[in-house]
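What follows is a set of notes on a single structure, which appears directly below.
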Amino acid sequence: MERTFLMIKPDGVQRGLISNIIGRFETKGFTLVGLKFMAVSRELAEKHYDVHRERPFFAGLVDFITSGPVVAMVWEGEGVIASARKIIGATKPLEAEPGTIRGDLGVTVGRNIIHGSDAPETAQAEIALWFTDSELVSWEPAA
Ligand code: CMP
């Protein structure tokens with residue numbers, strides 16, 4: 001079954017949005033298989049955002065992600081990678097549709113509340129970066 005990596009960023013935690021955000025994926029019908037409330041090291045942040053290393057906002061992005069605790073999650077379900085991206089909304093919150101997390105709750109790109117894997121390859125790599133196999137729980141929700 002398909003899995004994706006989602007992370008509530010420090011702004012989402014600080015603004016008290018954890019239950020609002022997790023609730024959207026739960027009520028949609030996806031299955032939570034991994035959950036960690038954690039501080040992020042610079043090493044982990046730099047690995048996670050390695051693809052953006054040459055971008056001008058890279059240092060600020062790493063500073064921000066390491067500035068406070070995050071909620072790292074793995075969710076499972078049919079089509080969960082693309083569906084989660086839809087639920088999250090466009091990267092720039094002002095361009096995100098109402099009804100999406102960023103469209104409802106955010107304003108600026110540097111404080112866009114949540115990260116979600118953008119493709120199967122990145123989902124696999126990000127899950128392996130943030131979670132060990134033993135931290136993931138396979139279970140079948142009641143039908
Ligand atoms: P995310 O989905 O986590 O993936 C890369 C992140 O880079 C993105 O969300 C934004 O938070 C951040 N980002 C993208 N563009 C900019 C920008 N112009 N300034 C600051 N941060 C940015």
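When a ligand or atom number is given, it counts from 1 through the structure's own listing order.
Nearest non-hydrogen protein atom to atom 14 (C) of ligand 1 is Phe57 CZ, 3.5 Å. Here the protein heavy atom with the shortest distance to atom 1 (P) of ligand 1 is Lys9 NZ, 3.5 Å. The shortest contact between atom 8 (C) of ligand 1 and any protein heavy atom is with Asn112 ND2, 3.7 Å. Closest to atom 2 (O) of ligand 1 among all protein heavy atoms lies Arg102 NH2, 3.3 Å.
Within the 4.0 Å heavy-atom shell around ligand 1 one does not find Met7. Under a 4.0 Å heavy-atom criterion, Phe64 is not in contact with ligand 1.
Residue His52 touches ligand 1 through its side chain alone, judged by heavy-atom distances below 4.0 Å. With a 4.0 Å cut-off on non-hydrogen atoms, Arg85 does not touch ligand 1 at all. At a heavy-atom distance under 4.0 Å, atoms from both the backbone and the side chain of Val109 approach ligand 1.
Polar contact check, Tyr49 against ligand 1: a nitrogen or oxygen pair lies under 3.5 Å apart.
Under the side chain to side chain contact (heavy atoms under 4.5 Å, CB included) rule, Arg102 has a single partner from Val107, Ile88, Leu94, which is Ile88. Of the candidates Glu126, Met38, His115, Met7 forms a side chain to side chain contact (heavy atoms under 4.5 Å, CB included) with just one, namely His115.
For Thr100 against Lys86, the heavy-atom pair with the smallest separation is CG2-O, 3.3 Å. Looking at every heavy atom in both residues, Lys28 comes nearest to Ser83 through CE-OG, 3.6 Å.
For the pair Lys9 and Phe64, the cation-pi test (distance below 6.0 Å, angle within 45°) is failed.
Between Trp75 and Thr31, every side-chain heavy-atom pair lies at or beyond the 4.5 Å cut-off. In this structure, the side chains of His48 and Leu129 come closer than 4.5 Å at one or more pairs of heavy atoms.
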